[in-house]
Protein chains: 2
Amino acid sequence: MDRLSLVFAALADPTRRAILTRLADGDATVNQLAEPFPISLQAVSKHLKVLEQAGLITRGRDAQWRPCRLEAAPLRDISAWTDQYRRFWDERYDRLDDYLRTLQPGPTAEEK
Amino acid sequence: MDRLSLVFAALADPTRRAILTRLADGDATVNQLAEPFPISLQAVSKHLKVLEQAGLITRGRDAQWRPCRLEAAPLRDISAWTDQYRRFWDERYDRLDDYLRTLQPGPTAEEK
DNA sequence: TCTCTATTCAACCCTCTGGTTAATCAACCG
DNA sequence: CGGTTGATTAACCAGAGGGTTGAATAGAGA
C-alpha cells in the first residue's frame, strides 16, 4: 500500500485521531492513551500499530512502558496533497490570477 | 460514521484520489473516469458512490450520462484538521513564538 | 417499437478491519 | 525467586471494502 493511502487510512478512524490529539500534548504510555476509550487495551495497541506503520507515531522503551510520540511528518504530505485542491474551496486562492499576473506586459517583458 | 472519517476513508484509496485528480480538470462521465483504470465499470461506479457519500463529488443527469463534478468543500475540513498539527512539522510556524510576542512588555511593539 | 449506450443494482468472493478474550513477553519489586 | 504491572501476540468473530460477473434500468435514436 502506498504511503499516502496508509496515512489517510490511519486518519479515517476517530479513535486514532483522538490518540493523535492527545499526543499533541506530549508523549504518553499505552495505558494513558487507552484510558479515555471504552475499548480494551489490546484494541488500543492495535490502533497504535496502525499509527506506527503510517509513520504517525514512534515508540520508545522505558522499563515496561512504551511511550508513544507524535510524528507529524506524514501530515505534511496530507497537507500538500490537499493543497492541490485549495483553489476549489479557498476563494482567496486564485491560481489563474497569479498566472495572469506573470503575463502582465511591462518592464519585466524580457522573460519571454 | 462521522463526516471527517468518511472523507479520510474516501481519500485512502489511490483509485479514488486519481478520480478526484481527473475531476480537477473538469466534469466527466463514469465511462470517462473509468477509462484509465484496469478495473470494471461497476467497480468505478462503487468508488463514485463512496466519493459522493463523502461529499467529494456531486452527480448530475444529462440524458443517460451522469456527469461527475468535484466538490472540494470536505477538503477544507481535512486541511483545517491537519493544520492543528502544523506546528509539529512546519518550522516556520511557531505558535509559541507568536504567543510570546504578544506578551512583550514595553512600547517597542512597532519595531519590526 | 426495438436496439444500443450509459449506468446502476444484486449477488457473490476474498481480504482487511476493529473488536473481543486468553495467553505470553518484559521489566520492576517484594 | 514469585508476583504484579505494562504491553504485545494469538485466535477468533462479525462486518465492511474492493473486486468480479450478470441482470436491470434509463434514455437516445433508428
Side-chain angles (χ1 to χ4, degrees), chain A residues 1-23 26-71 74, chain B residues 1-23 26-71 74:
Chain A
M1 202 178 190
D2 64 293
R3 194 111 188 110
L4 205 51
S5 298
L6 222 64
V7 179
F8 272 125
L11 297 177
D13 185 285
T15 301
R16 287 195 288 263
R17 289 198 306 277
I19 288 174
L20 293 181
T21 299
R22 165 65 186 80
L23 287 176
D27 297 3
T29 69
V30 179
N31 268 301
Q32 289 171 334
L33 291 172
E35 192 274 329
F37 302 109
I39 61 177
S40 69
L41 200 70
Q42 291 93 323
V44 173
S45 193
K46 281 191 184 181
H47 282 305
L48 293 177
K49 181 176 280 186
V50 173
L51 290 170
E52 190 176 27
Q53 308 220 113
L56 286 161
I57 66 168
T58 51
R59 283 190 275 189
R61 156 88 58 187
D62 174 15
Q64 67 266 56
W65 294 275
R66 303 294 310 274
C68 297
R69 165 163 305 176
L70 176 65
E71 295 290 340
Chain B
M1 202 179 191
D2 64 294
R3 193 110 189 113
L4 205 51
S5 298
L6 225 68
V7 179
F8 273 125
L11 297 178
D13 185 285
T15 301
R16 288 195 288 264
R17 289 198 305 277
I19 288 174
L20 293 181
T21 299
R22 164 65 185 81
L23 287 177
D27 297 4
T29 68
V30 180
N31 269 301
Q32 290 171 333
L33 290 173
E35 192 274 328
F37 303 109
I39 60 177
S40 71
L41 201 69
Q42 291 94 321
V44 172
S45 193
K46 281 190 183 179
H47 282 306
L48 292 177
K49 180 175 281 186
V50 173
L51 289 171
E52 190 176 27
Q53 307 221 112
L56 286 162
I57 66 168
T58 52
R59 282 190 275 188
R61 154 93 52 194
D62 175 14
Q64 67 265 57
W65 293 274
R66 304 294 310 275
C68 296
R69 166 164 304 176
L70 177 65
E71 295 291 338

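Numbered from 1 within each chain, the chains take letters A, B, ... in sequence-line order.
Expressed to the nearest 0.5 Å, how far CG of A/L4 lies from CG of B/L11 amounts to 8.5 Å.
Comparing A/R61 and A/M1 along DNA chain C, the residue whose closest nucleotide (by nearest heavy atom) sits nearer the 5' end is A/M1.
Residues passing the salt bridge (Lys or Arg N to Asp or Glu O under 4.0 Å) test with B/D62, sequence neighbours excluded: none. Checked against side chain to side chain contact (heavy atoms under 4.5 Å, CB included), A/Q32 has the following partners two or more places apart in sequence or in another chain: A/R22, A/A28, A/T29. Evaluation of the salt bridge (Lys or Arg N to Asp or Glu O under 4.0 Å) rule for A/D13 yields no partner, not counting sequence neighbours. Partners of B/R66 by salt bridge (Lys or Arg N to Asp or Glu O under 4.0 Å), not counting sequence neighbours: none found. Residues passing the side-chain hydrogen bond (donor to acceptor under 3.5 Å, both in side chains) test with B/D27, sequence neighbours excluded: B/R69.
Contact annotation: A/N31 reaches the phosphate of D/dA7 (side-chain N/O to OP1 or OP2, under 4.0 Å). Close to D/dA7, at under 4.0 Å from its OP1 or OP2, lies no side-chain N or O of A/R59.
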Please table the atom pairs, donor to acceptor, closer than 3.5 Å between any side-chain atom in residues 36-50 of chain A and protein atoms at least two apart or in another chain.
from: A/S40; atom 1: OG; to: A/A43; atom 2: N; distance (Å): 3.1
from: A/H47; atom 1: ND1; to: A/R16; atom 2: NH1; distance (Å): 3.1

Quiz: residues 51-59 of chain A side-chain donor-acceptor pairs under 3.5 angstrom, not counting sequence neighbours:
from: A/E52; atom 1: OE1; to: A/R59; atom 2: NE; distance (Å): 3.3
from: A/E52; atom 1: OE1; to: A/R59; atom 2: NH2; distance (Å): 2.7
from: A/T58; atom 1: OG1; to: A/E71; atom 2: OE2; distance (Å): 3.1

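Within residues 13-21 of chain B, the residues having any heavy atom closer than 4.0 Å to DNA chain D are, in order of number, B/D13, B/R16. Within residues 44-53 of chain B, the residues approached by DNA chain D to less than 4.0 Å at the level of any non-hydrogen atom are B/K46, B/H47, in residue-number order. Less than 4.0 Å separates DNA chain C from at least one heavy atom of each of the following residues of residues 62-69 of chain A: A/A63, A/Q64.
Distance CD1 (A/I39) to P (D/dT8): 13 Å, rounded to an integer number of Å.
Put simply, the side chain of B/Q42 and the base of D/dG22 share a donor and an acceptor less than 3.5 Å apart.
Think of the region where chain B sits on DNA chain C: with heavy atoms and a 4.0 Å cut, that region ends 5' and 3' at C/dT5 to C/dA11.
No side-chain donor-acceptor contact under 3.5 Å links B/S5 to the backbone of B/M1.
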